[in-house]
Visitor: 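If you scroll down you'll find the structure; I have some questions about it.
In what follows, every heavy atom counts, from backbone to side chain, and hydrogens, waters and symmetry copies are set aside. First listed ligand is number 1; within each ligand, the first listed atom is number 1.
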Amino acid sequence: MKGFDFEEERIKQEITKLGAKRVLLQLPEGLKPEGPRLAKIIEKSGALPIISADPCYGACDIAVNEAESLGVDLIVHFGHSKLVKHEQVPTIYVEARATVPVDEAIEQSLPLLSSYTKIGLATSVQHLQTLNQAREILIRAGKTVIIGDSGQMSYPGQVSGCNYSNVKSIADEEEAFLFVGGGLFHALGIALSTSKPTFVADPYDKRAFPINDEAQKILKKRWACIEEAEAAKIFGVFVGLKPGQKRLDQALNVKALAEKHGKAAYLLAAREITPETLLEFPSIDAYVNTACPRISLDASGKFSKPVLTINEFMVASGESSWENMLREGLFES
Ligand code: SF4
């Protein structure tokens, strides 16, 4: 697959250095087709490669338990930076940096940014190496550029699907945000976390566009879900089973708050939260998702009952207000 750096030489060196004999490869969906080619390289290095065929959406889903059960002595996790600390199985992260140039997309964003001077710049891990170039183009166009660093992410300016702490840390200083990267997913997260005008510079399509109308559509749906959940008598509280999604303390807190407000609440442990999962519990009126918040936000139309994030549950239960949640952002971090 062209367009990404899979760091094959580093992988071979790590296998030799660690003397690894059995290696588990974990790739996100878009990169899985590279699995057999990478497995071949590992085989030639003298180790047995096993490709994880399970879905992998983020670094939260590091396959430690699977590696242990397969007797694996090295995990190679592609496409994400380190998120979960663990010591059970040595793990290397291959971030699969994109090689696509970004200058044309950044230039395309300049007319859209004409009414703003202070611009916050952010990107996903795939395009971090382009941030300096993007900053220079914006500065040449007369902009003041800030790249946030909350200390929570692996790199300044980095956002992930559920962590927008870098942009939140500078939101008060910025007039608008520019996200460098493809698609709507991360840029929507920025708009929903900061309530600031947010634009995408998409290097794949070589174009730039605003995202706030899409964010408003999501907010309308979230408001409807919260209203429906206010009338719920019985809540299901999901606890994620993926290593970076397991937040039992927060689930217990949600359960206690629901009970304080006279509701019944049951803990439900799950690796995946799907529309089918909900169909098995017809007596439950609404759900709180303490696992991956993007399941609530991006797939809400597919669920037959409201599936709230923790912050949304705070609004539905009366512990917080809609305005307060918008100020703090829909994501906890
Ligand atoms: S919790 Fe969801 S958004 Fe966050 S890293 Fe995992 S899959 Fe991505």
Side-chain angles (χ1 to χ4, degrees), residues 26-32 52-66 75 77-86 91 93-96 98 122-128 150-155 157-168 179 181-194 198 200 211 214-215 218 222 237-251 254 268-275 277 287-300 302-303 307-313 328-333:
Q26 224 191 347
L27 299 120
E29 302 321 283
L31 300 183
K32 272 200 174 63
S52 169
D54 276 343
C56 174
Y57 303 112
C60 60
D61 191 12
I62 189 81
V64 180
N65 295 338
E66 294 83 340
I75 300 172
H77 184 102
F78 291 87
H80 307 113
S81 59
K82 182 175 177 178
L83 179 72
V84 178
K85 286 192 187 122
H86 71 88
T91 303
Y93 292 83
V94 176
E95 293 165 351
T123 188
S124 62
V125 72
Q126 264 73 47
H127 301 281
L128 278 163
S150 66
Q152 288 184 31
M153 299 298 285
S154 299
Y155 305 95
Q158 181 189 4
V159 292
S160 72
C162 58
N163 192 315
Y164 294 90
S165 56
N166 278 341
V167 287
K168 284 162 104 171
F179 171 77
L184 311 184
F185 181 74
H186 292 100
L188 273 174
I190 295 173
L192 293 169
S193 298
T194 64
T198 302
V200 181
I211 198 78
E214 292 301 318
I218 289 183
R222 300 322 299 156
V237 184
F238 280 114
V239 186
L241 291 176
K242 296 178 183 178
Q245 294 186 11
K246 200 181 292 170
R247 297 189 287 171
L248 184 56
D249 286 350
Q250 303 207 37
V254 167
L268 303 167
R271 274 192 61 76
E272 304 283 341
I273 303 169
T274 66
T277 316
Y287 295 82
V288 185
N289 161 22
T290 67
C292 170
R294 296 307 292 246
I295 294 167
S296 297
L297 302 185
D298 298 70
S300 70
K302 297 182 186 156
F303 291 113
V307 182
L308 305 184
T309 64
I310 297 174
N311 287 2
E312 290 170 340
F313 170 74
E328 289 181 2
L330 265 66
F331 299 89
E332 287 163 78
S333 50

Visitor: Show all protein N/O/S atoms under 2.8 Å from atom 2 (Fe) of ligand 1, or state that there are none.
Guide: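 Protein N, O or S atoms closer than 2.8 Å to atom 2 (Fe) of ligand 1: Cys292 SG.
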Visitor: Which atom pair, heavy atoms only, marks the closest approach of His127 to Ala98?
Guide: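 Nearest heavy atoms, His127 then Ala98: CE1-CB, 3.5 Å.
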Visitor: Can you tell if the side chain of His186 reaches within under 4.5 Å of the side chain of Thr123, non-hydrogen atoms only?
Guide: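 Answer no - side chains too far apart.
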Visitor: Going by heavy atoms in the side chains, are His80 and Cys56 under 4.5 Å from each other?
Guide: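 Yes, their side chains come closer than 4.5 Å.
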Visitor: Quiz question: by atom type and distance under 3.5 Å, do the side chains of Gln158 and Ser81 form a donor-acceptor pair?
Guide: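 Yes, because at least one side-chain N or O of Gln158 sits under 3.5 Å from a partner of the opposite role on Ser81.
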Visitor: Short question: side chain of Gln26, backbone of Ala63 - any donor-acceptor pair under 3.5 Å?
Guide: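 Such a contact is found between Gln26 side chain and Ala63 backbone.
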Visitor: So do the side chains of Arg294 and Tyr57 get within less than 4.5 Å of each other, counting heavy atoms only?
Guide: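 The answer is no; the side chains never approach within 4.5 Å.
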